[in-house]
Asker: 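Structure in structure tokens, see below.
Atoms within a ligand are numbered from 1 in the order they appear, just like the ligands themselves.
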Amino acid sequence: MTWLDLPADTGFGVTNLPYGVFSVGGDRPRTGVAIGDFVLDLAAATGDPVHATGSLNAFLARGPAAWSALRDRLTGWFTGTDDTVAAHLVPRADVRLHLPFAVADYVDFYSSQHHASNLGALFRPGSPPLTPNWKHLPIGYHGRAGTVQVSGVPVVRPSGQRKAPADPVPTFGPSGRLDIEAEVGFVVGAPASGPVAVGDFAAHVFGVCVVNDWSARDLQAWEYVPLGPFLGKSFATSVSPWVVPLAALEAARVDPPARDVEVLPYLDDTKARWGLDLRLTVSLNGVEVSNPPFRHLYWTAPQQLAHLTVNGATLRTGDLFASGTVSGAEPDERGSLLELAWNGETPLRLPDGSTRTFLEDGDTVTISATAPAIDGTRLSLGEVTATIEPAR
Ligand SMILES: O=C(O)/C=C/C(=O)CC(=O)CC(=O)O
Ligand SMILES: [Ca+2]
Ligand SMILES: [Mg+2]
């Protein structure tokens, strides 16, 4: 129960309590917690200067005991009889949401077997869809932290080198194959000076957000051999403004899919089952085009984190690692346009009569996600949206 007047299907109920950074008018960005159609001003409600810094990092660095203490306090405030904190609620419609954390390092994985098989077929026809290493380790690459931007910030079409197989030489110009990648991001709170065992995942990772890893497929296809993605993915990565704590996702935990190849001991997750029953929705210009299911991801976030640090690489507060594109088995569960329109062979038909193979200038892409909550409702991870601006 709560004294708050919450819309029935809010998605931001008392079992969610995601953290973000907001401002009203031109005032200073500070930490807030989304609740119903409101944001609780944590700087004002707690008086703790850690929430007045304009970024979640200092709070995230405090670690899991501090995270759960504040979550308990918030739950107490919202479910008790004393409505004192009501004075610090701001209508969500009035706030501007900022990038919630300063991104330290950004890593992107490749953990959906359906996505990896589809991309293998499209990028490497004639070779087996999965590379020989795929079921032995979670493949990933280090991305560009400085170009991670919050939902709502436009994406400028990148330019670069591209060379189709039939072209004799590369040419330079705006990408003609601008794409999306629907992903889930994991935000590191507590740092680590070396390997993080799969069982220590929740001691370091604070929460999750929705990610769109924009990808220029023509730039990517020409540049990626042999070192992997570079400029085709480094121009922009968009994240949702709310970070949902892992503590809110207990009811979403499911067994990961059966693995058919034995993994090395450091990747054994039988004691840390972190499959997550998240459902993503991808909309293009307001039209739903895909519903990628997260629960089938072959590699889970604890395995990704264990792999990311197993060589001794340190972990910093604000590190972001994304799941990789989430694609399900069905054609309408794919997380990229490259897959949805199958390399341009089966264009998407939109209700206005137009078709899409890749993004056009002016297109708006929105990715949202939900998860089961402990009270039987579905909680919202919010959404990540952006509109494409012409190349400069
Ligand atoms: O298979 C390839 O060569 C390329 C794959 C991707 O572009 C996917 C990627 O960035 C990782 C992911 O999001 O799953
Ligand atoms: Ca990606
Ligand atoms: Mg990127």
Side-chain angles (χ1 to χ4, degrees), residues 103 105-135 137-145 147-149 155 158 160 162-163 165 175 177-186 208-240 278 280 282 290 292-294 296-301 303-304 307-308 320-329 333-344 358-359 365 367 369 384 386:
V103 183
D105 286 299
Y106 168 50
V107 162
D108 190 25
F109 284 96
Y110 184 51
S111 292
S112 157
Q113 185 171 345
H114 298 295
H115 173 72
S117 304
N118 288 338
L119 274 267
L122 293 168
F123 271 122
R124 293 169 289 277
S127 299
L130 291 182
T131 48
N133 55 357
W134 201 89
K135 288 193 171 178
L137 54 83
I139 296 178
Y141 66 93
H142 285 276
R144 190 166 183 85
T147 55
V148 176
Q149 59 185 45
V155 169
R162 57 275 206 274
K163 184 186 123 18
S175 170
R177 307 187 107 210
L178 181 55
D179 199 358
I180 61 162
E181 289 190 331
E183 309 198 18
V184 173
F186 293 82
V208 307
C209 59
V210 190
V211 174
N212 189 344
D213 179 30
W214 305 94
S215 299
R217 300 301 181 187
D218 39 2
L219 277 53
Q220 179 185 352
W222 168 232
E223 75 179 358
Y224 90 102
V225 182
L227 292 186
F230 190 43
L231 301 181
K233 286 170 182 282
S234 66
F235 57 95
T237 302
S238 298
V239 297
S240 58
L278 311 178
L280 279 59
V282 182
S290 178
F294 188 83
H296 308 302
L297 251 69
Y298 192 87
W299 298 103
T300 60
Q303 292 175 312
Q304 293 172 338
H307 186 63
L308 167 58
L320 169 69
F321 61 100
S323 59
T325 311
V326 184
S327 290
E333 294 179 336
R334 294 168 177 165
S336 69
L337 293 176
L338 178 65
E339 295 163 273
L340 285 164
W342 205 255
N343 215 11
F358 293 97
L359 295 170
V365 177
I367 306 170
V384 56

Asker: Would you call E339 and S327 a side-chain contact if the rule is heavy atoms closer than 4.5 Å?
Answerer: yes

Asker: Relative to the Ca ion (ligand 2), which of the N, O or S atoms in E183 is the closest?
Answerer: OE2

Asker: For E183, counting its heavy atoms only, list the atoms of ligand 1 lying under 4.0 Å from any of them.
Answerer: 13 (O)

Asker: What's the shortest distance from atom 7 (O) of ligand 1 to any protein heavy atom, and which residue and atom give it?
Answerer: Q220 NE2, 2.7 Å

Asker: Report the nearest protein non-hydrogen atom to atom 10 (O) of ligand 1: residue, atom name, distance rounded to 0.1 Å.
Answerer: K233 NZ, 2.6 Å

Asker: Show which atoms of ligand 1 fall inside a sub-4.0 Å distance from at least one heavy-atom site of R217.
Answerer: 7 (O)

Asker: I'd like the atom name of the N/O/S atom in D213 lying closest to the Ca ion (ligand 2).
Answerer: OD2

Asker: Taking 4.0 angstrom as the limit, do R217 and E181 come out as a salt bridge?
Answerer: yes

Asker: Specify which N/O/S atom of E181 comes nearest to the Ca ion (ligand 2), by atom name.
Answerer: OE1

Asker: Ring pair (Phe, Tyr, Trp, His ring centres under 6.0 Å) with F321: which of F186, Y106, Y110, Y141?
Answerer: F186

Asker: By atom name, which N, O or S atom belonging to D108 lies closest to the Ca ion (ligand 2)?
Answerer: OD2

Asker: Would you call D213 and K233 a salt bridge, using N to O less than 4.0 angstrom?
Answerer: yes

Asker: In terms of atom number and element, which parts of ligand 1 are under 4.0 angstrom from non-hydrogen atoms of F109?
Answerer: 11 (C), 12 (C), 13 (O), 14 (O)

Asker: Of all the atoms in ligand 1, which lie at a distance below 4.0 Å from a heavy atom belonging to R124?
Answerer: 1 (O), 2 (C), 3 (O)

Asker: Output yes when a side-chain donor or acceptor of S323 lies under 3.5 Å from a complementary backbone atom of E183, and no otherwise.
Answerer: no

Asker: Within a strict 4.5 Å, meaning less than it, do heavy atoms of the W214 and I180 side chains meet?
Answerer: yes

Asker: Please evaluate residues S215 and Q220 with respect to the criterion side-chain hydrogen bond (donor to acceptor under 3.5 Å, both in side chains), reporting the C-alpha separation (whole Å), side-chain torsions for both, the decisive distance (0.1 Å), and the verdict.
Answerer: CA-CA 8 Å; S215 299; Q220 179 185 352; 4.7 Å; no

Asker: Please identify which atoms of ligand 1 are closer than 4.0 Å to at least one heavy atom of G324.
Answerer: 12 (C), 13 (O), 14 (O)

Asker: Classify the contact between Y224 and ligand 1 as side chain, backbone, both or neither, using a heavy-atom distance cut-off of under 4.0 Å.
Answerer: side chain

Asker: Taking atom 1 (O) of ligand 1 as the point of reference, which of Y110, W134, F123, Y141 owns the nearest heavy atom?
Answerer: Y110

Asker: State, with a plain yes or no, whether a side-chain heavy atom of V239 is found less than 4.5 Å away from one of Q149.
Answerer: no

Asker: With heavy atoms of T325 as the reference, note each atom of ligand 1 found under 4.0 Å away.
Answerer: 12 (C), 13 (O), 14 (O)

Asker: Are the aromatic ring centres of Y224 and F123 under 6.0 angstrom apart?
Answerer: yes

